[in-house]
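Worksheet for the structure shown next.
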Number of protein chains: 2
Amino acid sequence: MSKRVCIVGAGAIGSLYAAHLARVAEVYVFVRRTEHARALNENPLRISGTHNFSVRVKASHDPANLPSFDYGIVATKATQTEEAISKVGHLFDDGAVLSAQNGLGSEEIIARYTRGFVIRGTTFMSGTRHSDTHIQYELDTATWMGPFEPAHTPFSVVREFADLIVESGLKAEALEDARPAQWSKLIFNASVNSVAALTGLPHSPHFSDEEKFENLGHLLHALIDEGKQVAEALGVKLHEDPWEMNKIGAQTNHPPSMLYDVDHKILTEVDFLGGAIAREARQHGIPAPLHTALYRLIKGKEASWSYQWKPLHAA
Amino acid sequence: MSKRVCIVGAGAIGSLYAAHLARVAEVYVFVRRTEHARALNENPLRISGTHNFSVRVKASHDPANLPSFDYGIVATKATQTEEAISKVGHLFDDGAVLSAQNGLGSEEIIARYTRGFVIRGTTFMSGTRHSDTHIQYELDTATWMGPFEPAHTPFSVVREFADLIVESGLKAEALEDARPAQWSKLIFNASVNSVAALTGLPHSPHFSDEEKFENLGHLLHALIDEGKQVAEALGVKLHEDPWEMNKIGAQTNHPPSMLYDVDHKILTEVDFLGGAIAREARQHGIPAPLHTALYRLIKGKEASWSYQWKPLHAA
């Protein structure tokens, strides 16, 4: 019998999961906008680029229209996890939910709203969203998945879900411990996103330039080293070296999501990225002055968008 | 016999010096724009606000039209010191030149272009520039002046110039050592300007808010403490506590000059502010990770204004 899967949030990543899984399972998509649900119900979801196909999915913005599920994938921005999962968490009480989101802390939120198993996930997949029903698939990398420890998720559950994702045509890898992969990406992402958001630069060659004293490459190196020290102090061995990831990424001019967010004055994911490193470090008494400084600057930048001021003149 | 004084750069601060000194000395103003010189030659320079008067000054954008001087005040942005003083430095070979600029490093540049005495200066005077010939005088605080050590400037020269400034109606104080005042303002200015430039906030209550972990007040406190440690390691005792200066300033919503600069994509003074602290610290083997990090971020932001990019898509 076919498995029933719900994708929570259909941005580029959520839509990629939905379309692929719809070829091997019964897929529903839970979205925020009614027009988005209508567009998906009335038209096939089209994938172009690395893979090329169109497929039908069922979509709804109303939890009352959704059945219970074997599997879920939360693919909203980390800032929207709570709003989304609080409405549909109960539909996974007999299943398992994977977080395919940026940073640290989403699994904890998901676990508060479902009695089902929770799976730690990390992915580097990327795509460009051309419309509600057309996504261009770009980077096809594995989804690394592992048990979320506090939920006592059995490894067999992780492996079965990973098998289904592989069967759908995407890459996935079940890991006994997904934290090394998650922390590698967290350190990379926190460092690159914060610097991009504060400078206005995409992930450009500046990020690995260490020639002159003032060059940004020194700052990236220091941020990444600091992140590695936090991971090591927490007993997490990294899956990949974030500095090597940064050197490769710095050749792409890719605009990190947080750069898009600040350009459009949208609340960033910093609480789940640099802010998560800063808080983990603080909680365990590990110094992380640079991630903490950049975290506070980005929170200050967010505050500036709504701050109404006029100068008070002396004299 | 009346002294001859040249004001180099007639923004708000330069114009305030020029107008006041023109009441007790023969004042020339060296400016960059021909229209600015013409406006000043054809109209009186008007001061309103804290003081109210109009006065005639002579202005030129051409060094060939300027005589030699007893005193000079360089009041350009620190980024424009070299361009300006390289053209007129020789006119002060038998006189003394005061830097009334932000940050650290302008005196060194001035000393390269004149055989005259060089005077370290720091001022908190402020004004709003309504036009080329009308400045509103706001904060009337002292100009702190002292010998620039490498130029072996006699203290008597500093005192005589300070006396002339006081006679003109402004506040001035001759100090045997002007570095404590300069470093107090440097640490304050470097910390507040960098955070304002990176967050987009004016000098607002956020800057002294230390209630929550993410609040900017913690960052300001850490930046100021780091600056104090650098000053102490260099043997400079501070004139005022920059943290107290920050707490007062945070009630004003004053937009620091670097915020204006980044909003208008104008090269900032960061090399003379946070960058100067970072370089001094590095040169003397003192750690200054936070000022160094913010310095690199602002240099990255400046680089972003001219960086042409398009994303390189994988696949």
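Identified by a heavy-atom distance below 4.5 Å to chain B, the contributing residues of residues 192-200 of chain A are A:Val195, A:Leu198, A:Thr199, A:Gly200, in residue-number order. The stretch residues 218-226 of chain B places B:His218, B:Leu219 near chain A, each with some heavy atom under 4.5 Å from a heavy atom of that chain.
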For residues 273-286 of chain A, run the donor-acceptor check on the side chains, cut-off 3.5 Å, and write out each pair with its distance to 0.1 Å, sequence neighbours left out.
{"from": "A:Arg279", "atom 1": "NH2", "to": "A:Tyr295", "atom 2": "OH", "distance (Å)": "2.4"}
{"from": "A:Arg279", "atom 1": "NH2", "to": "B:Glu214", "atom 2": "OE1", "distance (Å)": "3.2"}
{"from": "A:His284", "atom 1": "ND1", "to": "A:Glu280", "atom 2": "O", "distance (Å)": "2.9"}

Below 3.5 Å, can you tabulate the donor-acceptor pairs from side chains in residues 258-267 of chain B to any protein atom, sequence neighbours excluded?
{"from": "B:Asp261", "atom 1": "OD1", "to": "B:Lys77", "atom 2": "NZ", "distance (Å)": "3.1"}
{"from": "B:Asp261", "atom 1": "OD2", "to": "B:Lys77", "atom 2": "NZ", "distance (Å)": "2.7"}
{"from": "B:His264", "atom 1": "ND1", "to": "B:Tyr260", "atom 2": "O", "distance (Å)": "2.8"}

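Ranked by non-hydrogen atom pairs under 4.5 Å with chain A, the options B:His206, B:Lys301, B:Glu302 are led by B:Lys301. Note on A:Trp305, A:Phe207, A:Trp309: by heavy-atom pairs under 4.5 Å with chain B, the leading option is A:Trp309.
A donor-acceptor pair is defined here as one N or O able to donate and one able to accept, closer than 3.5 Å; such a pair exists between the side chain of B:Thr141 and the backbone of B:Met125. B:Thr123 places no side-chain N or O within donor-acceptor distance of the main-chain N or O of B:Ala100, the cut-off being under 3.5 Å. Between the side chain of A:Ser204 and the backbone N or O of A:Leu201 there is no donor-acceptor pair closer than 3.5 Å. The main-chain N or O of B:Glu240 is found under 3.5 Å from a side-chain atom of B:Ser184 such that the two form a donor-acceptor pair. No donor-acceptor pair closer than 3.5 Å links the side chain of A:Asn215 to the backbone N or O of A:Gly217. Here the side chain of A:His20 pairs a donor or acceptor atom with the backbone of A:Leu16 at under 3.5 angstrom. The main-chain N or O of A:Ser168 is found under 3.5 Å from a side-chain atom of A:Arg23 such that the two form a donor-acceptor pair. Within the 3.5 Å criterion, the main-chain N or O of A:Ser54 finds no donor-acceptor partner in the side chain of A:Arg46.
With a 4.5 Å cut-off on non-hydrogen atoms, A:Tyr307 touches chain B through its side chain but not through its backbone. Neither the backbone nor the side chain of A:Ile298 comes within less than 4.5 Å of any heavy atom in chain B. At a 4.5 Å heavy-atom cutoff, B:Asp140 makes no contact with chain A through either its backbone or its side chain.
If you check the side chains of A:Asn102 and A:Lys185, you find a donor sitting under 3.5 Å from an acceptor.
By the 6.0 Å contact criterion, CD on A:Glu210 is enclosed, its count of non-hydrogen atoms from other residues, nucleotides or ligands being greater than 12.
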